[in-house]
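Note on naming: letters A, B, ... go to the chains in the order of the sequence lines (proteins, then strands), and numbering restarts at 1 for each one. Note that the coordinates shown come from a computational prediction; the quantities given were computed from them, not determined experimentally.
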Protein chains: 2
Amino acid sequence: MATDFTERTVEYDKLLADFKTLLKEKALKFTNQREKILETLYYSQEHLTPEALHQLIKEKYPELNAGIATIYRTLSMLEDNNIVSSLSFGAQGKKYELGAKDHHDHMICTKCGEITEFVDEVIETQQHKIADEHGFKMQDHSMQIYGICKTCQEQQ
Amino acid sequence: MATDFTERTVEYDKLLADFKTLLKEKALKFTNQREKILETLYYSQEHLTPEALHQLIKEKYPELNAGIATIYRTLSMLEDNNIVSSLSFGAQGKKYELGAKDHHDHMICTKCGEITEFVDEVIETQQHKIADEHGFKMQDHSMQIYGICKTCQEQQ
DNA sequence: TTAGATAATGAGAGTGTTTATCAAGCCTTA
DNA sequence: TAAGGCTTGATAAACACTCTCATTATCTAA
Ligand SMILES: [Mn+2]
Ligand SMILES: [Mn+2]
Ligand SMILES: [Zn+2]
Ligand SMILES: [Zn+2]
């Protein structure tokens with residue numbers, strides 16, 4: 001039976017292979033910077049701001065000397081190709097995450113900032129219904145629930 | 001029977017009176033700038049960026065010479081006191097609207113930027129249910145549906 | 001393997017938005 | 001009316017990106 005680490009590696013290898021294929025299809029180049037950005041997004045498994053992602057990469061690969069502009073450029077490119085998705089929370093700035101996983105919405109703790117992901121079929125269905133009723137051609141949606149997480153409630 | 005204008009005026013007078021009471025309670029001062037900001041938010045009945053609100057006020061009350069910093073400060077204060085609420089769309093900044101009206105969510109046309117408001121009981125109920133299931137104490141939520149509005153579909 | 005074409009990069013300037021600072025002015029209350 | 005302290009506008013500064021451009025890296029075809 002495979003360990004978590006092995007599974008992750010296999011999954012990442014597939015992600016990377018697909019990424020290379022995509023780049024080739026679009027006549028884009030496979031660079032060290034692009035590889036490390038994808039890898040860091042994958043292994044951090046978090047919702048990262050471009051700035052946070054830049055920090056992580058500078059720490060792990062200082063010799064890469066990656067510039068912040070490249071982080072922004074690559075995140076935009078990845079988003080255009082549906083490899084990552086971005087969230088804009090109440091405060092300023094966007095956070096990015098690998099979109100390889102299925103669509104989901106977010107619950108955000110206003111005390112500790114913890115983000116919980118969830119999917120709810122009732123809501124997904126209802127959203128389409130609402131759009132239809134308004135003659136609106138739905139492309140996407142975004143839903144956030146704000147509140148206090150279990151841990152923070154217990155601490156108070 | 002009262003006209004729309006009369007009704008609006010009465011409603012606005014109540015809003016203003018409540019605002020004055022709030023300021024007094026918090027030992028804050030009732031200034032010309034604060035009055036005009038509230039008034040403009042009320043009568044414009046739109047989702048305004050701080051910049052757009054500033055423009056409207058400069059046009060209608062040039063002698064007030066209101067500074068953009070005051071617009072930002074006042075909007076924050078109004079939001080802290082639940083008099084206005086803000087929406088943050090993916091791309092450009094935040095937009096503010098009077099929160100005096102009942103809670104609602106938004107449908108945004110990605111072509112023309114038109115914002116349609118809606119309320120859906122199924123979704124409202126389901127959100128509470130989801131929060132409960134995660135032991136999460138829900139305080140607020142925000143939901144946006146992105147797509148193409150009826151008008152923009154017909155034009156294409 | 002090499003070399004040429006060209007995509008990608010980092011540095012840093014530039015942009016638009018929001019916040020902080022501070023001296024001067026305005027509100028409130030006594 | 002006078003004092004005090006909250007507010008204000010101007011402006012600098014912080015922030016979150018985006019653009020420009022010279023240099024570098026990658027790809028590919030010979
Ligand atoms: Mn997520
Ligand atoms: Mn609204
Ligand atoms: Zn929490
Ligand atoms: Zn439209």
Whole angstroms only, please: what is the CE-C1' distance between A:Met77 and C:dA8?
10 Å

Please confirm whether the shortest side-chain N or O distance from A:Tyr72 to OP1 or OP2 of D:dC17 is below 4.0 Å.
yes

Calculate the interatomic distance between B:Ile68 atom CD1 and C:dG16 atom P; express it in whole Å.
14 Å

Nearest-Å distance, NZ (A:Lys26) to P (C:dA8)?
12 Å

B:Glu63 CD to C:dG25 P, in whole Å, measures 19 Å

Mind telling me whether B:Tyr12 and B:Tyr42 have parallel, tilted or perpendicular rings, with 30° and 60° as the class edges?
tilted

Heavy-atom check, side chain of A:His106 versus side chain of A:Glu97, under 4.5 Å
yes

In whole angstrom, give the distance that lies between atom NZ of A:Lys58 and atom P of C:dG10.
12 Å

Do the two ring centres, one from A:His128 and one from A:His141, sit under 6.0 Å apart?
no

Hey, which of these two, A:Ala69 or B:Ser76, hits DNA chain C nearer its 5' end, going by closest nucleotide?
A:Ala69

Starting at atom CG of A:Leu75, determine the distance to atom P of D:dA16, rounded to an integer number of angstrom.
15 Å

Is there a side-chain contact between B:Asn81 and B:Lys26 in this structure, where contact means two heavy atoms from C-beta onward sitting under 4.5 Å apart?
yes

Which word best sums up how the rings of A:His134 and B:Phe118 line up, parallel for under 30°, tilted for 30 to 60°, or perpendicular for over 60°?
tilted

So which heavy atom on B:Cys112 is nearest to which on B:Cys109, and how close?
N-SG, 3.4 Å

Give the rounded distance in Å between these two atoms: CD1 of A:Ile71 and P of D:dT18.
14 Å

What is the distance from CZ of B:Arg73 to P of D:dA10, rounded to the nearest Å?
11 Å

If the sugar-phosphate is the primed atoms plus P, OP1 and OP2 and the base is the rest, what is the B/S/- string for nucleotides 24-30 of chain D, using protein heavy atoms under 4.0 Å?
-BBS---

